[in-house]
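This structure is a prediction, so every number in the text was calculated from the model and none was measured. Letters A, B, ... mirror the listed sequences (proteins, then strands); counts begin at 1.
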Amino acid sequence: MTASYEPGRRELYWLDRWQEWDLYRTEQDPTRPKYYCLEMFPYPSGDFHMGHARNYTIGDVLARFHRMNGYNVLHPMGYDAFGLPAENAAILRGMHPARWTWQNIEKLRYWFRRMGYSYDWEREIATCHPDYYRWTQWMFLFLHHRGLTYRARAPVNWCPQCATVLANEQVVQGGCWRCHTPVVRKELEQWFFRITAYADRLLDDLKLLDGWPERVKVMQANWIGRSEGAELRFRVEELGEDITVFTTRQDTVFGATFLVLAPEHPLVKRLAAGKPGESRVLEFIAEAARHRGEPEDGAAERPKRGLFLESYCRNPATGEDIPIWVADYVLMEYGTGAVMGVPAHDQRDFEFARQYGLPVRVVVQPPGGGLDADTMTAAYDGPGVMVNSGPFDGTPNEEGKARVTAWGQERGWARPAVQYRLRDWLVSRQRYWGAPIPIVYCERCGIVPVPEEQLPVLLPEVVDFSPRGMSPLATAPEFINTTCPTCGEPARRETDTMDTFVCSSWYYMRYVSPRYTAGPFQKEAAFYWLPVDQYTGGIEHAILHLLYSRFFTKVLYDAGLVPEPEPFRRLLTQGMVLKDGAAMSKSRGNVVEPAPIVEKYGADTARVFELFAAPPEKEIDWSDRGVEGVYRFLMRVWRLAEVRPGLFRQVPGHPEAADAAAREVRRLVHRTIKKVTEDVRDRFMLNTAVAALMEMVNGLYAYVGEDRTGGDPAVVAEALHVLVRLLAPFAPFITEEMWQLLGGEGSVHRQSWPAYDPGLVAAEQVTVVVQVDGRVRHRFQAPVDATREELEAEALAAPRVRQFLDGREVARVVTVPGKLVSIATRPAAS
RNA sequence: GCGGGCGUGGCGGAGCCGGCAGACGCGCGGGACUUAGGAUCCCGUGGGCAAAGGCCCGUGUGGGUUCAAAUCCCACCGCCCGCACCA
């Protein structure tokens, strides 16, 4: 390679210059339109590989593009720095989680800078810093004061081997991710966020998110899982109480031949008490509890197990007494933990009824009729007409739903109800490396929130990390023991920390005023910058992080603290970078390290390769060949500039259209501006934008000749002036070098984006295609503005065309000016 | 099972508001320059037939709409992702 540009060396040079010039500092400026461009911030795990780089590279191109287009761009970076791996490092290597974390942040920071990402480093944040988690605690209190937190007993995942609590994500196939010991359930007092209070709005507002991928919205809608139905009450005379069930099929209540309770349902033990089968029931409950910890995979295929409780309740529609069962296919967490068994019209109830010989009664006949309880082999859950349903016989079942609910409501046993799959958000974690929950327990005053002015509740430095089954903070007496903020008496601190998803649910707000000390963010800055215009990150956060962030934004919006109810206007979910067909990971040993790539080819090459290989949403396979191809392209670009130092100072900016070749080059240049602009701005098709630049470079080589010095200097100057700027967001280093060499003023990254001349974009001549009976038979050149008649005349006159018309006559001619003439024929009339 | 998405050369991928299929890159073949070149520049490259002009076939499979279908519609096959006893 003879090129005089050495990326490994020159990129370092430019990094220093840019730092001197403070190129990416962002200030509020109400006179300019703002553009908030954000990539999901990383967890500082210690490794940075080319798979990570893609996300930030995509975001960086968008940020740089908008900056050149006159937007005031906010493009910050930070670290999602709390989390369990840091604590494990403490346990395994005796290194303090803080030290481990800050070391890793140091590495990430190096690579972000080295890759040329245009972050405003003045705004860097880390969620584990007290100046940040102080405001995470503030958010907890903010929700608390708005009635959106509560404390309740809840089961947690518990590894008996490690004697510690595990996060849901750390339970792999029912076992501990580290020692594979089967996880058991354990009841603990936990803090919850009442996200279900926002379920409807989280669902409805998905409609506002035009700029989100459809599949993410669908995933969120499914996750929220809204179901409309009714709550029905079944009288239990024996207890003098009702059992309430939730159903979406009120229309089938006449077919309810039994009732089923979840094993954890409180009435199960009461109903069994004193009955002959009591001990078997208790055994059943215990057995079911063990199963709950098992992997859910295939749960639907597992045979349903149940037990008759020797009790009855009254079907409110028919007045019949029906048996009450307990069964493991009913979930306590959903609805009321009790369901009515309608075997004819619910597959699960059907399987259960057949297994235990319970009666089946058809109450909805499909359009053709003929459904018979004795012979049916599966439940019928389609539409039909109600039968065996007293006053409702003959009613279409869909219509019957509302009528049955109203009928039952008049009689006092039904009411309309809505259920969600979404559960409240459990935020307590029995871990050290997280934001302490700012709560104090006082014997006299009860649960007392820490007053805002006493924040942050600092994490103690010294604690015992060895796993013992409670929060490590419980081992630090100087942390636990405090005084009650209300009465001043001795009190105890909450020893759990917050789920790290709490930290990441509001970080995009902190960036608008990252050093603000009077609140989580300055309101004026929030109203200027929010919402995020462009958010880029992995699909793996399609539900959790994005749903939690939407929740936080809505709560703050309701308080008037942020301008819009949704946090992220446009969302781009980038695909993974694979190596040998699999996601890069240390354990798999297929990680592409950035250091050798960047040293050999430069960060520009790494960036452009990841952009060029496929559209951003798609996964790409790392290819050393592909990388070399991109490197060749960039060096090819460089060589165009290499032979023309100072060019921009020597020739006029606006070339006269000299000869045909010059005009063709100018057309290419302006067409490329249009293509790249639209691909980046409207379609996120960064791969085709790069392809268009390659095409342009190929065209320029043809124009300037083998020694690269030919062509009209003014035309070449215009072309290079455009090329360098179009390429700048993709390859910031080499374009800066070219810009200086060619004699540009200032930094290329402070230049405005090229504008194209629409008059130049349109070709003067076009190739018109002539089809005869659907096949291309001829093509000819014509002026772009040639009329329909002119084109038809020319097409029909062409000898090639006449040949195909021989012995046939023209049936029809369809002409699209500027494109084609299509001739349909039929056999000539004799 | 339910929901969403995708099937285009040897490979990654363009084109999909119907209008020249295969942009751009990789790989491969050829040429130029050169002591040399695994550098660089240029040309070619879906398959078949042909000396050539050209002809035929081609976007998972089968059908349909149309002057015209990779693109729209229907059925099927295959792959990927999400959810999965949610009443």
Side-chain angles (χ1 to χ4, degrees), chain A residues 1-3 213-223 225-227 229 245-249 252 260 262 296-304 327-331 333-342 345-349 351-352 381 419-423 539-540 542-543 608-609 612-615 617-621 623-630 632-633 635-636 639 675 685 687-698 701-702 705-708 767-779 800 810-816 818-825:
Chain A
M1 174 70 55
T2 57
E214 199 55 35
R215 65 173 180 147
V216 174
K217 289 190 278 187
V218 167
M219 282 165 74
Q220 291 223 349
N222 290 343
W223 186 263
R226 182 189 154 102
S227 303
V245 305
F246 173 76
T247 180
T248 54
R249 293 300 307 275
T252 63
V260 195
E296 298 290 316
D297 294 327
E301 285 76 48
R302 216 163 40 212
K304 298 168 181 27
D328 60 0
Y329 77 95
V330 177
L331 307 175
E333 308 90 87
Y334 186 78
T336 61
V339 303
M340 62 179 191
V342 186
H345 304 292
D346 181 286
Q347 185 59 26
R348 297 154 299 180
D349 296 342
E351 287 166 22
F352 191 70
D381 59 9
Q419 278 292 331
Y420 300 91
R421 212 183 78 101
L422 180 69
R423 311 279 154 74
I539 187 75
E540 66 273 18
I543 297 175
V608 175
F609 168 73
F612 178 64
E617 312 79 42
K618 241 185 118 145
E619 48 189 35
I620 58 176
D621 217 329
S623 149
D624 292 335
R625 297 265 200 204
V627 172
E628 282 168 27
V630 166
R632 269 199 291 273
F633 163 65
M635 290 306 116
R636 203 165 141 81
R639 280 191 298 270
K675 171 81 175 151
M685 292 287 278
N687 56 328
T688 54
V690 172
L693 290 167
M694 290 173 166
E695 237 172 312
M696 177 172 162
V697 168
N698 291 344
Y701 265 83
E706 201 170 334
D707 64 359
R708 291 163 277 153
T767 303
V768 174
V769 171
V770 184
Q771 295 182 341
V772 179
D773 290 324
R775 293 170 194 279
V776 177
R777 296 302 189 187
H778 180 55
R779 45 196 89 193
R800 279 274 305 146
V810 174
R812 191 175 163 196
V813 180
V814 177
T815 302
V816 181
K819 284 226 165 106
L820 59 61
V821 178
S822 179
I823 301 163
T825 71

If we take the [atom1] atom in both [N] and [M], what is their distance in whole Å?
| N | M | atom1 | value |
| --- | --- | --- | --- |
| G47(B) | U35(B) | C1' | 42 Å |
| C6(B) | A87(B) | C1' | 33 Å |
| G22(B) | G12(B) | C1' | 13 Å |
| G46(B) | G58(B) | C1' | 8 Å |
| U61(B) | G53(B) | C1' | 36 Å |
| C67(B) | G18(B) | P | 15 Å |
| G7(B) | C56(B) | P | 29 Å |
| G60(B) | G44(B) | C1' | 30 Å |

Check: C67(B) base within 3.5 Å donor-acceptor of Arg812(A) side chain: no

Quiz item: Glu214(A) side-chain donor-acceptor pair to G5(B) base, under 3.5 Å: no

Are any of [X]'s side-chain N or O atoms less than 4.0 Å away from OP1 or OP2 of [N]?
| X | N | value |
| --- | --- | --- |
| Arg636(A) | G25(B) | no |
| Arg249(A) | A87(B) | no |
| Arg639(A) | A39(B) | no |

Base-pairing assignment for [N] (Watson-Crick or G-U wobble, both under 3.5 Å):
| N | answer |
| --- | --- |
| C67(B) | G19(B) |
| G58(B) | none |
| U45(B) | G27(B) |
| A50(B) | none |
| G3(B) | C81(B) |
| U40(B) | A32(B) |

Considering every strand and a 4.0 Å limit on heavy-atom distances, what is the contact class for [X]: base, sugar-phosphate, or nothing?
| X | result |
| --- | --- |
| Ser822(A) | base |
| Ser227(A) | sugar-phosphate |
| Gly626(A) | nothing |
| Arg421(A) | base |
| Met685(A) | sugar-phosphate |
| Val218(A) | sugar-phosphate |
| Phe633(A) | nothing |
| Arg423(A) | base |

As a test of reading the structure: which of [options] is closest to the side chain of [X], going by heavy atoms?
| X | options | answer |
| --- | --- | --- |
| Val769(A) | G82(B), C20(B), C85(B) | C20(B) |
| Arg775(A) | C26(B), C57(B), C55(B) | C57(B) |
| Gln771(A) | C41(B), G13(B), A68(B) | A68(B) |
| Ala824(A) | C24(B), A87(B), C67(B) | C67(B) |
| Lys819(A) | G27(B), G19(B), C85(B) | G19(B) |
| Pro615(A) | G13(B), A23(B), C85(B) | G13(B) |
| Phe612(A) | G25(B), G19(B), C85(B) | G25(B) |
| Ala691(A) | G19(B), C20(B), A23(B) | A23(B) |
| Glu695(A) | C24(B), C67(B), G13(B) | C24(B) |
| Asn687(A) | U66(B), A14(B), G19(B) | A14(B) |

Can you tell me how far [atom2] of [N] sits from [atom1] of [X], to the nearest Å?
| X | N | atom1 | atom2 | value |
| --- | --- | --- | --- | --- |
| Arg800(A) | G53(B) | CZ | C1' | 9 Å |
| Glu617(A) | G13(B) | CD | C1' | 13 Å |
| Arg215(A) | C6(B) | CZ | P | 10 Å |
| Asp621(A) | G25(B) | CG | C1' | 15 Å |
| Asp349(A) | A87(B) | CG | P | 12 Å |
| Glu706(A) | G31(B) | CD | P | 17 Å |
| Arg777(A) | G19(B) | CZ | C1' | 17 Å |
| Glu540(A) | G82(B) | CD | C1' | 13 Å |

Which residue lies more 5' along RNA chain B, comparing Ala338(A) with Asn698(A) via nearest heavy atoms: Asn698(A)

Which residue lies more 5' along RNA chain B, comparing Arg625(A) with Ile539(A) via nearest heavy atoms: Arg625(A)

Anti versus syn assignment for G9(B), with syn defined as within 90° of 0: syn

CD-OG1 distance between Gln419(A) and Thr247(A), expressed to the nearest 0.5 angstrom: 11.0 Å

From NZ (Lys675(A)) to CE (Met696(A)), nearest 0.5 Å: 15.0 Å

Partner of Lys217(A) by side chain to side chain contact (heavy atoms under 4.5 Å, CB included), out of Gln220(A), Met219(A), Glu214(A), Arg215(A): Glu214(A)

Least distance between heavy atoms, Tyr701(A) atom then Arg636(A) atom: OH-O, 2.7 Å

Nearest heavy-atom neighbours spanning Ser227(A) and Tyr334(A): OG-OH, 3.4 Å

Within 6.0 angstrom of Glu617(A) CD, more than 12 heavy atoms from elsewhere: yes

